[in-house]
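What follows is one structure encoded as structure tokens, with my remarks underneath.
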Amino acid sequence: MSDNHEEESNVPAYVPGKHVSVDQLKQQDAGDEALKRYKESLLGTGVHAPKDDPRKLVIKEMKIQIEGRPDIIYPLDTKELIKEMKTKPFVLKESCHYKITLTFNIQHDIVSGLKQINTVYRKGIKVSTEKHMLGSFAPQAAAHSVTNPRQGWEEAPSGMLARGNYTAKVVFTDDDNEEHLSVEYAFSIKSDWKSDD
């Protein structure tokens with residue numbers, strides 16, 4: 001909902017390196033004990049993943065934090081919960097300050113250059129598209145957590161033209177252009193927390 005005005009034509013194209021699996025990384029320079037310990041500190045001692053779940057990225061929850069209000073938490077770790085999210089819109093009061101925290105697990109392999117592309121629609125017309133780089137992550141048992149914005153707060157739009165119902169779609173991709181997950185959700189911007197406008 002903030003304006004992301006980036007001059008992409010002036011930015012040199014990023015070319016990701018060749019994909020290397022966790023196992024390949026661990027086997028490289030296997031005789032160097034110091035390097036082995038360093039790799040274990042970065043990658044852990046084993047790849048964490050249930051054998052019956054092929055996903056590399058598992059979003060556990062999306063939390064909308066609104067300044068001075070209780071957090072709104074959407075669990076998203078199953079397909080059913082992901083589909084359900086678009087039927088449970090949240091409300092933002094115009095000009096309120098908010099941020100969104102994603103909690104997720106990485107499984108099976110490293111995800112390099114994980115990014116989210118969030119597109120917002122109002123009455124079927126695209127209002128904005130934002131891209132946020134989340135980072136690169138190795139598989140581990142503990143969940144990762146990323147908050148946007150990382151510092152400060154976003155401010156919800158205000159005014160009569162901004163008020164209304166919105167739908168949105170967030171897509172998670174990586175440097176290999178693999179689409180890991182797509183989530184649709186809905187929200188409203190209102191003049192106060194309980195109003196119908």
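FYI, the numbering just counts along the sequence from 1. As a basis for the values below, the full set of heavy atoms in this structure was taken, side chains included, without hydrogen atoms, waters or symmetry mates. Predicted, not measured: the structure shown is a model, and the values here were computed from it.
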Margin query: As a test of understanding, state which of Asp109, Ile110, Val111 forms a side-chain contact (heavy atoms from CB on, under 4.5 Å) with Pro139.
Written below: Ile110
Margin query: If hydrophobic clusters are built from ILVMFWY residues whose side chains come within less than 4.5 Å, do Met62 and Val146 share one?
Written below: yes
Next item on the list: Give a yes or no on whether the backbone of Arg163 and the side-chain of Arg122 come within a donor-acceptor separation of less than 3.5 Å.
Entry: yes
Note to self: For the NZ atom on Lys115, are there more than 12 heavy atoms of other groups (residues, nucleotides or ligands in this structure) within a distance under 6.0 Å?
What the structure shows: yes
Notebook entry, point to check: In Å and rounded to the nearest 0.5 Å, what is the CG to CG distance from Leu76 to Leu102?
Noted result: 8.5 Å
Margin query: Tell me whether the count of non-hydrogen atoms from other residues, nucleotides or ligands lying under 6.0 Å of CE in Met133 goes above 12.
Written below: yes
Next item on the list: Please examine the side chains of Pro89 and Asn165, heavy atoms only from C-beta on, and report whether any two atoms are closer than 4.5 Å.
Entry: no
Notebook entry, point to check: Which heavy atom of Ala168 sits nearest a heavy atom of Phe187, and at what distance?
Noted result: CB-CE2, 4.4 Å
Checklist line | Closest non-hydrogen atom pair, Ser112 against Asp174 | finding: O-CB, 3.3 Å
Next item on the list: Count the heavy atoms of every other residue, nucleotide or ligand shown that sit under 6.0 Å from NZ of Lys99, and state whether that count exceeds 12.
Entry: yes
Check: Is the Phe137 ring parallel, tilted or perpendicular to the Phe104 ring (thresholds 30°, 60°)?
Finding: perpendicular
Margin query: Any heavy-atom pair between the side chains of Phe172 and Leu134 that's under 4.5 Å?
Written below: yes
Notebook entry, point to check: How many angstroms lie between CG in Asp192 and SG in Cys96, if you round to the nearest 0.5 Å?
Noted result: 12.0 Å
Margin query: Measuring only between side-chain heavy atoms, which start at C-beta, is Val171 closer than 4.5 Å to Glu179?
Written below: yes
Item checked: Nearest atoms (heavy-atom pairs only) where Val183 meets Met85 -> CG1-SD, 3.8 Å
Margin query: In the structure I gave you, are the side-chain heavy atoms of Lys93 and Arg69 within less than 4.5 Å of one another anywhere?
Written below: no
Notebook entry, point to check: Would a hydrophobic clustering, with Ile, Leu, Val, Met, Phe, Trp and Tyr connected at side-chain separations under 4.5 Å, put Trp153 with Ile66?
Noted result: no
Notebook entry, point to check: Side chains of Leu181 and Ile82: does their closest heavy-atom pair fall under 4.5 Å?
Noted result: yes
Check: With no hydrogens and no angle check, is any side-chain donor or acceptor of Asp53 less than 3.5 Å from a backbone partner on Arg55?
Finding: yes
Next item on the list: Keeping the roles fixed (side chain from Ser136, backbone from Gly113), state whether a donor-acceptor pair exists under 3.5 Å.
Entry: yes
Margin query: Quick one, His180 and Leu114 - any side-chain contact, counting heavy atoms below 4.5 Å?
Written below: yes
Notebook entry, point to check: Do the side chains of Ile117 and Val127 join up, straight or via other hydrophobic residues, at under 4.5 Å, putting them in one cluster?
Noted result: no
Next item on the list: Give a yes or no answer on whether the side chain of Tyr74 reaches the backbone of Tyr185 with a donor-acceptor pair at less than 3.5 Å.
Entry: no
Next item on the list: Indicate yes or no for a side-chain donor-acceptor contact from Glu94 to the backbone of Gly159 under 3.5 Å, with no hydrogens or angles considered.
Entry: yes
Check: To the nearest 0.5 Å, how far apart are CD1 in Ile100 and OG1 in Thr147?
Finding: 10.0 Å
Next item on the list: Can you measure from CG (Asn118) to CD (Glu130) and round to the nearest 0.5 angstrom?
Entry: 6.0 Å
Margin query: Donor-acceptor check, side chain of Gln116 to backbone of His132, threshold 3.5 angstrom: yes or no?
Written below: no
Checklist line | Cluster check Leu81, Ile72: I/L/V/M/F/W/Y, side chain < 4.5 angstrom | finding: no
Margin query: I'd like to know if the side chain of Asp71 and the backbone of Ile73 have a donor-acceptor N/O pair within less than 3.5 Å.
Written below: no
Margin query: Let me confirm one number: the CG-NZ distance from Asn105 to Lys56, rounded to the nearest 0.5 Å.
Written below: 15.5 Å
Checklist line | Shortest non-hydrogen separation from Tyr98 to Pro149 and the atoms involved | finding: O-CD, 4.1 Å
Note to self: Restricting to non-hydrogen atoms, name the atom on Glu84 and the atom on Lys88 that form the minimum distance, rounded to 0.1 Å.
What the structure shows: OE2-NZ, 2.8 Å
Notebook entry, point to check: With distance as the sole test, does His144 use its side chain to make a donor-acceptor pair with the main-chain N or O of Ala138 at under 3.5 Å?
Noted result: yes
Check: What is the minimum heavy-atom distance between Thr101 and Ser145, and which atoms define it?
Finding: CG2-OG, 3.3 Å
Margin query: Once rounded to the nearest 0.5 Å, what's the spacing between atom OG1 of Thr129 and atom OH of Tyr121?
Written below: 6.5 Å
